[in-house]
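Worksheet: one structure, shown below.
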2 protein chains.
Amino acid sequence: MGITKTIGFSETIIEMADILKVLGHPARLSIMEYLAKSPSCICNDLVEELPLAQPTISRHLSELKRVGLIQGEISGKNICYCIHPKKWTEVLLHFEMITTSLVDKKQC
Amino acid sequence: MGITKTIGFSETIIEMADILKVLGHPARLSIMEYLAKSPSCICNDLVEELPLAQPTISRHLSELKRVGLIQGEISGKNICYCIHPKKWTEVLLHFEMITTSLVDKKQC
DNA sequence: TTCCCATATTGCAATATTACAATATGTTTT
DNA sequence: AAAACATATTGTAATATTGCAATATGGGAA
């Protein structure tokens, strides 16, 4: 059906899955890594950096924005995008939480 | 087009994005958390645990298996699924790598 | 104002994903 | 062998995602 069933899952799981799905695309993951590394965060760089057309990049940026992973601020003619550290930390902590349960568990 | 462009992205990014995309579904994320927590890892539990039909769960399991996040071993009538710790660690390390770049960076 | 420049939005067309019923497969029990 | 159980596969319908051309928007420069 293409539609993802959400009834029966916790809010936390649904939100985290949504974030991971957004991260699960080469362009969007690249954008996150680029934003994490680069000192500036002007969007125009991305058009040159990524092998995708400008409208496509714009769409990916808006998805990242939708789930709160990045935030954009208008700065004159450009838009300054950067990672939202709080949201990013949430994701990292969730991963570390799963890892913790995993550690003290005997494998099959 | 529905097809994800991969030309121009590194192998690492493509693989990591693929893994995250697979994790980015409530059922599959729940399966990972369930496997991380539960002492046993019989698949049949999942059919009772998740609000989805058996064939659907089976498909999700095979996606998780495809990207190497879990491994299954036939154990008589049942199949023993468990998390592949090495793959999981790879994902965690990738997240921590991004976080590291993020830390020593001034925000907009 | 008019012309650029950076970015967003819209409107497709192609492909991918999701869910489940029905069915198949393989194993254990009787 | 037959029945029962656990899981996988197939087929199908509905919906989501992706990419880009064309276009819109909105700011700064001339």
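As the structure is a computational prediction, the values presented were derived from the model and not from experiment. Note that these values count all heavy atoms, side chains included, but never hydrogens, waters or copies made by symmetry. So that the names make sense, note that chain A is the first sequence line, chain B the second, and so on, each numbered from 1.
- With values rounded to the nearest 0.5 angstrom, Met32(A) atom CE is found 11.0 Å from Ser101(B) atom OG.
- Regarding Glu73(B), its CD atom lies at a distance of 15 Å from the P atom of dT27(C), rounded to whole Å.
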Q: Evaluate side chain to side chain contact (heavy atoms under 4.5 Å, CB included) for Val91(A) paired with Leu20(A), printing each intermediate quantity in order.
A: CA-CA 8 Å; Val91(A) 179; Leu20(A) 291 176; 4.2 Å; yes
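- Residues of residues 3-12 of chain B having a heavy atom closer than 4.0 Å to DNA chain D, listed by number: Ile3(B), Thr4(B), Lys5(B).
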Filtered N/O pairs between nucleotides 3-11 of chain D and protein, under 3.5 Å:
unit_1	atom_1	unit_2	atom_2	d
dA6(D)	O3'	Asn78(B)	OD1	3.2
dT7(D)	OP1	Ile79(B)	N	3.2
dT7(D)	OP2	Asn44(B)	N	2.8
dT7(D)	OP2	Asn44(B)	ND2	3.4
dA8(D)	OP1	Tyr81(B)	OH	2.7
dA8(D)	OP2	Ser58(B)	OG	2.9
dA8(D)	N7	Gln54(B)	NE2	2.8
dA8(D)	N6	Gln54(B)	OE1	3.1

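- Phosphate proximity of dT17(D) to Lys21(A): present, with a side-chain N or O under 4.0 Å from OP1 or OP2.
- Taken together through direct or relayed side-chain contacts under 4.5 Å among Ile, Leu, Val, Met, Phe, Trp and Tyr, Leu46(B) and Ile74(B) form part of one hydrophobic cluster.
- dA21(C) atom C1' lies 15 Å from atom CG of Leu52(B), rounded to whole Å.
- Checked by atom type and distance alone, the side chain of Arg28(A) pairs as donor or acceptor with a backbone atom of Val22(A) at under 3.5 Å.
- Using modelled atom types, one finds no donor on one side chain facing an acceptor on the other under 3.5 Å when comparing Glu15(B) with His94(B).
- In this structure a side-chain-to-backbone donor-acceptor pair under 3.5 Å is present from Ser30(A) to Pro26(A).
- Side-chain proximity of His60(B) to dC20(D), dA19(C), dT17(C): nearest is dA19(C).
- Counting non-hydrogen atoms of other residues, nucleotides and ligands closer than 6.0 Å to CG of Leu93(B) gives a total above 12.
- Note on His25(B): a side-chain N or O is less than 4.0 Å away from OP1 or OP2 of dA19(C).
- Here OG1 of Thr12(A) is found 8.5 Å from CE of Met97(A). Values are rounded to the nearest 0.5 Å.
- Here the P atom of nucleotide dC20(C) and the CG atom of Leu50(B) are 11 Å apart, to the nearest Å.
- Going from atom CG of Leu46(A) over to atom C1' of dA6(C) covers 12 Å, rounded to whole Å.
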